[in-house]
Amino acid sequence: MVSKEVSDIKEEVTGKKTEKKIKKKEEKEKKISDLPGIGPTAVQKLEDAGIYDLMGIAVLGAKELSEISGLGEAVARKAIQASRKMMSLGFQTGFEYSQKRIEIKKITTGSQNLNELLGGKGIETKAITEAFGAYGSGKTQLGLTLAVKTQLPHEMGGAEGKAVYIDTEGTFRPERVRQIAKALDLNPEEVLKNIFVARAFNSDHQILLIDKVGEMVKDGEPIRLVVVDSLTAHFRAEFSGRGQLADRQQKLNKYMHNLMKMAEQHNVAVYVTNQVMANPAMMFGDPTTAIGGNIVGHASTYRMYLRRGKKGSRVAKLIDSPNLPDNETMFFIGEKGVCDEV
Ligand code: ADP
Ligand code: MG
């Protein structure tokens with residue numbers, strides 16, 4: 001303790017520590033608005049076009065950026081150059097990459113089958129896992145189960161953290177959480193205390209709540225899981241007109257982007273539920289597609305389709321995963337939440 005203080009003073013005297021601190025802060029907070037020549041109007045236009053960060057600028061050409069932002073081409077070129085300088089666009093070694101992967105924590109779903117479908121140990125931090133399916137397919141049950149399992153020690157498949165539950169449909173049930181906790185031999189009240197529940201009343205509120213999670217993490221809450229149940233219900237209800245689809249998709253796109261950013265920044269697992277709609281274009285098989293379509297699908301790291309199976313079982317099918325084969329598995333919902341058998 002004492003020696004640490006001495007070294008602190010030393011560093012302060014040499015100015016080393018403050019220098020380091022400032023540099024770290026700068027790296028963290030570089031935004032589009034920090035680029036030369038880019039003011040609030042341009043930022044707004046860029047956001048409207050789905051560009052929210054330096055990477056989005058760095059990959060553009062001067063002409064393209066000029067058209068999107070309304071800036072002159074020379075200004076645009078300078079901004080692009082600055083963005084490329086500000087972010088290290090270079091390569092990282094496989095070793096560095098694997099070091100980053102080590103930070104990733106897994107949260108068990110409660111079902112070994114489902115865990116294996118998702119790559120081995122359940123859902124991951126720094127990723128978005130989406131479950132879509134019909135009413136009653138088990139999407140909420142999985143969310144509640146994860147909110148409990150997150151709290152378990154690593155050796156039991158947890159992430160030793162707390163959960164945030166963003167409830168848009170009013171389906172969060174404390175009694176059910178208590179039941180799951182009891183069945184797992186946990187203290188139900190303690191488990192409930194580690195789940196922060198917020199009822200999102202509309203899509204704007206839902207969006208704001210993500211910033212709130214960031215603040216909570218900064219305040220020291222060890223949040224490892226954010227559940228958004230349902231991701232799309234408000235968006236679907238608020239943008240129901242034919243002409244509103246583009247606006248809805250744009251807003252959803254931005255929301256997914258923010259979720260991913262939060263997941264990566266704070267090493268949090270994000271689990272979102274999504275509804276299905278009838279797809280009249282599909283003649284055979286299951287005539288349902290996820291709301292939000294490709295916007296949500298592309299932003300989700302893992303996407304699975306849930307449906308009821310035989311004898312009270314549930315079937316989960318993995319869809320378009322970058323590193324796992326498309327696959328199907330079976331699980332159940334019991335007293336202890338999602339599980340392999342009841
Ligand atoms: P979704 O969110 O996809 O609409 P849910 O996750 O709410 O669906 O799933 C509801 C189903 O979960 C119920 O129909 C029932 O089969 C099952 N379920 C809910 N609670 C329990 C429980 N305590 N024990 C066993 N199964 C349950
Ligand atoms: Mg539900």
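We count ligands from 1, going down the list as the structure has it; atoms in each ligand are counted the same way.
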[X] heavy atoms, cut-off 4.0 Å: which ligand 1 atoms fall inside?
| X | value |
| --- | --- |
| A134 | 3 (O) |
| G138 | 1 (P), 3 (O), 5 (P), 6 (O), 8 (O), 9 (O) |
| R308 | 14 (O) |

Answer yes or no: does an N/O atom from [X] fall short of 3.5 Å to an N/O atom of ligand 1?
| X | answer |
| --- | --- |
| Q141 | yes |
| G136 | yes |
| Y135 | no |

Using non-hydrogen atoms of the residue, decide whether [X] is closer than 4.0 angstrom to ligand 1.
| X | answer |
| --- | --- |
| G312 | no |
| R307 | no |
| R173 | no |

Mark yes when over 12 heavy atoms from residues, nucleotides or ligands other than [X] sit less than 6.0 Å from its [atom1]; otherwise mark no.
| X | atom1 | result |
| --- | --- | --- |
| E335 | CD | no |
| E341 | CD | no |
| K336 | NZ | no |
| K317 | NZ | yes |

Looking at [atom], what's its closest protein heavy atom, distance included?
| atom | result |
| --- | --- |
| atom 2 (O) of ligand 1 | T140 OG1, 2.8 Å |
| atom 3 (O) of ligand 1 | K139 NZ, 2.8 Å |
| atom 18 (N) of ligand 1 | I333 CG2, 3.9 Å |
| atom 15 (C) of ligand 1 | R314 NH2, 3.9 Å |
| atom 23 (N) of ligand 1 | Q179 OE1, 2.9 Å |

Report the C-alpha separation of Q112 and D340 in whole Å, then their side-chain angles, then the decisive distance to 0.1 Å, and conclude whether the side-chain hydrogen bond (donor to acceptor under 3.5 Å, both in side chains) test is met.
CA-CA 7 Å; Q112 194 51 38; D340 280 321; over 6 Å; no

Answer side chain, backbone, both or neither: which part of K336 comes under 4.0 Å from ligand 1, heavy atoms only.
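None of K336 does.
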
Among I223, T145, I107, whose side-chain contact (heavy atoms from CB on, under 4.5 Å) with T150 holds?
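When side-chain contact (heavy atoms from CB on, under 4.5 Å) is applied between T150 and each of I223, T145, I107, only I107 qualifies.
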
Under 3.5 Å, is there a donor on one side chain and an acceptor on the other for R173 and Q179?
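No.
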
As an exercise, state the distance from [atom1] of [X] to [atom2] of [Y], rounded to the nearest 0.5 Å.
| X | Y | atom1 | atom2 | result |
| --- | --- | --- | --- | --- |
| L186 | I180 | CG | CD1 | 10.5 Å |
| Y302 | E130 | OH | CD | 14.0 Å |
| H266 | K126 | NE2 | NZ | 11.5 Å |

What's within reach of the Mg ion (ligand 2), meaning protein N/O/S atoms under 2.8 Å?
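Those protein N, O or S atoms (cut-off: under 2.8 Å from the Mg ion (ligand 2)) are T140 OG1.
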
salt_bridge([X], [Y]) N-O dist < 4.0 Å:
| X | Y | result |
| --- | --- | --- |
| E190 | K193 | yes |
| D204 | K251 | yes |
| E215 | K212 | yes |

